[in-house]
Asker: 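The structure under discussion is supplied below as structure tokens; questions concerning it will follow.
Given the structure is predicted, the values throughout are model-derived calculations rather than measurements.
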Amino acid sequence: MPRQTAAHATIATLLCVAVLLGSLAPAAAQPNAQHVDITLRQTAVAVTPAGALGVTVRTTLSQPAEYFEVRLRAFRPDGRLLYQKTEVRHDVGAGAVEIAFSRELAELSLTPGRYPLEARILASGSEPTTVEGRMLVLDPDVPPLPVAVVVRIAETPGLDPDGRFAIDPAARQAPDAAAALSAYVLQRPGARCSLALAPITLEEWSRAVDGYETTESAAAQAVGPEDEASLRYATTLEAVSEAAGTGRMQLLDVPYAEPDLAGLASIDATADLADHLALGEATFTAALGLAPSAGAAFGGVLTPQAVAPAEAAGVTHVVVHGDAVRATGEAPLVGPVAIEDTGLTALITDADLAAAVTGGERAIEDRLFDLAFPAGDAVRPAAAVVLIELGSDTTAADAIALLDAVQALPWTEPVTAEEASVLRGAATVTLDDEAGATSAPTGYWDEIAGVRRRLQALRAAVSATDPVLAEATRSLLIAESGLWQGTDGTWERGRSYAATAREAADRVFSAVTLDARDVTLADRTGEMPLAVLNASERELSVTVRVNAAEVQPRSFEATLTLAPSDNYLTVPVDLGRAVADDVRVSVWAGDLKIAESTVTVRASYLDRLAMVGMVILVLIGLLVFIRRRVSAAAPNGRNGRPDAGSAATMPGDADSGTRDDATA
């Protein structure tokens with residue numbers, strides 16, 4: 001027994017020594033850590049229930065592996081195991097290793113849907129490494145889903161009211177994006193897309209072609225038309241025009257400065273959308289030689305107040321975000337849907353697909369698959385619509401990747417927004433009154449309302465083709481833009497455009513003065529002459545209004561066309577029983593008062609009565625004076641006569657003799 005105990009003790013000691021020696025071995029004696037990278041590559045992006053699963057697992061090992069195992073699993077959508085297979089290799093060298101798996105699906109009774117895949121790798125020197133994938137099973141009897149890709153290009157306005165660029169066009173990225181998208185459409189006959197390009201952005205591109213000045217430095221810097229930046233814009237405009245001319249890149253009707261529809265609605269000014277659309281169409285034609293289509297894009301928003309001006313401009317379908325509408329019944333909130341009580345079709349965009357664009361190829365495929373084969377009670381849209389807003393987060397390359405996928409996938413087909421709009425069903429939606437709230441600072445839209453009132457007055461006063469009116473209107477439309485909330489713009493620059501419009505109107509109205517002087521009538525009735533001076537260089541249509549308290553008529557109104565000089569008007573007046581009255585005279589342009597004065601009207605017989613009264617007062621004064629003098633001259637008399645029996649010497653008696661009376 002003691003011998004056995006000693007033997008056991010010896011063995012235990014040797015084991016401890018071995019463990020200790022192993023722990024003290026230099027780190028360099030241990031094998032390097034194994035790094036495993038895995039990629040799944042499927043034979044087809046999707047299969048039918050009667051097709052076959054084909055998956056290649058590509059593994060990259062950083063070190064050789066004595067043991068290498070690949071296990072592939074496929075699961076049903078509810079999580080149950082559908083397929084599993086394991087492949088084992090020995091003495092695998094470092095580098096790439098590919099193992100292919102294949103499985104016929106006909107006997108598995110598959111239904112359309114997404115089936116998760118899982119590949120697990122066991123390699124010597126590493127922990128198990130797992131990567132996930134999916135197998136898409138589609139219904140071959142379901143037609144492809146039409147997909148309309150709408151690309152929006154809009155920049156914060158770069159020009160200042162004085163015509164110089166506050167933002168250097170050379171630093172802009174949007175022209176390159178537009179050129180790349182146009183080139184793609186021209187090179188790919190199967191491509192279809194729609195372009196929502198803000199006309200004010202297009203106008204600034206056109207101005208840059210002819211050379212420009214910037215204000216980004218203390219001194220204005222001039223760039224000539226031969227400069228690289230100007231030539232870049234010329235190339236972009238040519239490419240966009242050519243691509244749009246093919247009809248495969250639909251040019252959407254975008255309001256001139258992409259107005260803030262919620263802001264316009266807050267001051268009851270949505271009627272200005274008609275001016276935006278008219279100027280926008282003129283800008284498209286001037287810059288590209290093409291008119292926009294009947295489809296429109298208002299920044300993804302459509303207010304109920306905007307429906308009437310949109311329809312009046314010939315718009316038939318509008319691209320809107322899902323949060324701008326409300327479903328009625330079973331209406332899908334994606335794709336073409338009729339807007340209740342209007343003649344418009346809402347092309348409702350899918351926000352999830354827009355987000356997937358920056359997530360890579362798999363994210364795009366998955367979302368398009370979900371739209372084409374919706375799960376549960378979800379309704380498949382007649383067409384899918386996605387709005388891609390190019391900017392710092394989303395590039396032209398992202399939009400092109402989506403266009404590539406729509407053309408390549410077996411369950412989708414590319415269409416333009418116009419082609420998608422004719423696919424709408426019987427379902428309807430209503431517009432959300434609270435969609436798209438303005439982000440303008442407090443008081444901004446009150447200022448716009450004041451400027452707008454002045455321009456309405458200017459429009460009533462001058463010719464429709466007056467250049468001052470055109471430029472002031474353009475400045476107001478730019479001030480109404482929703483693009484001022486961009487990252488490189490401020491609402492203060494929008495205010496500068498509003499101030500420019502207001503000053504233009506005020507310069508015209510300040511040239512009108514009223515010369516109205518006090519009037520003395522020869523009788524109770526007569527005429528009141530007025531002179532209106534127009535010191536501007538244009539004819540002005542105004543209204544002269546006369547208001548009085550006593551004079552008849554108490555109100556008078558006349559419409560005048562003022563020549564660029566003195567203009568005269570006479571107003572008949574009747575004082576009636578009044579002796580005088582103050583008459584208010586004002587000149588109006590539309591609903592805006594631009595000049596006023598007060599005229600006193602009196603009758604001339606008042607002057608004569610005053611003179612007679614003065615004469616009477618003078619005579620009365622003289623009589624009083626004479627009476628007092630006479631009384632003072634006879635102090636002893638009574639009532640101005642001498643007393644009886646007293647002798648009196650009458651003035652004029654020359655001698656002292658006596659005179660006999662003629663009778664005794």
Asker: Going by an N to O cut-off under 4.0 Å, is there a salt bridge joining Glu118 and Arg120?
Answerer: no
Asker: What distance separates Arg80 CZ from Tyr115 OH, expressed to the nearest 0.5 Å?
Answerer: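 Between atom CZ of Arg80 and atom OH of Tyr115 there are 9.5 Å.
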Asker: State, with a plain yes or no, whether a side-chain heavy atom of Ser230 is found less than 4.5 Å away from one of Val223.
Answerer: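 SC-SC contact between Ser230 and Val223 confirmed.
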Asker: In terms of heavy-atom contacts, does CD of Glu132 have more than 12 from other residues, nucleotides or ligands at under 6.0 Å?
Answerer: no
Asker: Which pair of heavy atoms, one from Glu155 and one from Pro175, lies closest together, and at what distance?
Answerer: OE2-CD, 4.2 Å
Asker: Can you list the steps and then say if Ile99 with Phe68 is a side chain to side chain contact (heavy atoms under 4.5 Å, CB included)?
Answerer: CA-CA 11 Å; Ile99 297 179; Phe68 180 75; 3.8 Å; yes
Asker: Look at Arg71 together with Glu87 and state whether they make a salt bridge at an N to O cut-off of under 4.0 Å.
Answerer: no
Asker: Please determine which of Val318, Val320, Leu302 meets the side-chain contact (heavy atoms from CB on, under 4.5 Å) test together with Ile339.
Answerer: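 Among Val318, Val320, Leu302, the one that satisfies the side-chain contact (heavy atoms from CB on, under 4.5 Å) with Ile339 is Leu302.
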Asker: Checking side-chain polar atoms at under 3.5 Å, does Gln485 have a donor or acceptor matched by the opposite partner on Ser439?
Answerer: yes
Asker: Check the orientation of Tyr212 and Phe165. Use parallel for under 30°, tilted for 30 to 60°, and perpendicular for over 60°.
Answerer: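 Taking Phe165 first and then Tyr212, their aromatic rings stand perpendicular (interplane angle over 60°).
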Asker: In terms of side-chain heavy atoms, does Arg192 have a donor or acceptor partner in Thr416 at a distance below 3.5 Å?
Answerer: no
Asker: Would Arg474 and Tyr256 count as having a side-chain donor-acceptor pair, cut-off 3.5 Å?
Answerer: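 A pair is found: one side chain offers a donor N or O, the other an acceptor, under 3.5 Å apart.
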Asker: Salt bridge (charged side-chain N to carboxylate O under 4.0 Å, His left out) for Asp350 and Arg367? Distances and angles first, verdict last.
Answerer: CA-CA 10 Å; Asp350 184 66; Arg367 183 54 191 163; 2.8 Å; yes
Asker: Just checking, any donor-acceptor pair under 3.5 angstrom between side chains of Thr428 and Thr328?
Answerer: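 The criterion, which ignores hydrogens and geometry beyond distance, is satisfied for Thr328 and Thr428.
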Asker: Should Glu365 and Arg134 count as an ion pair when the cut-off is N to O under 4.0 Å?
Answerer: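 Looking at Arg134 together with Glu365, the answer is yes, because their closest N to O distance falls below 4.0 Å.
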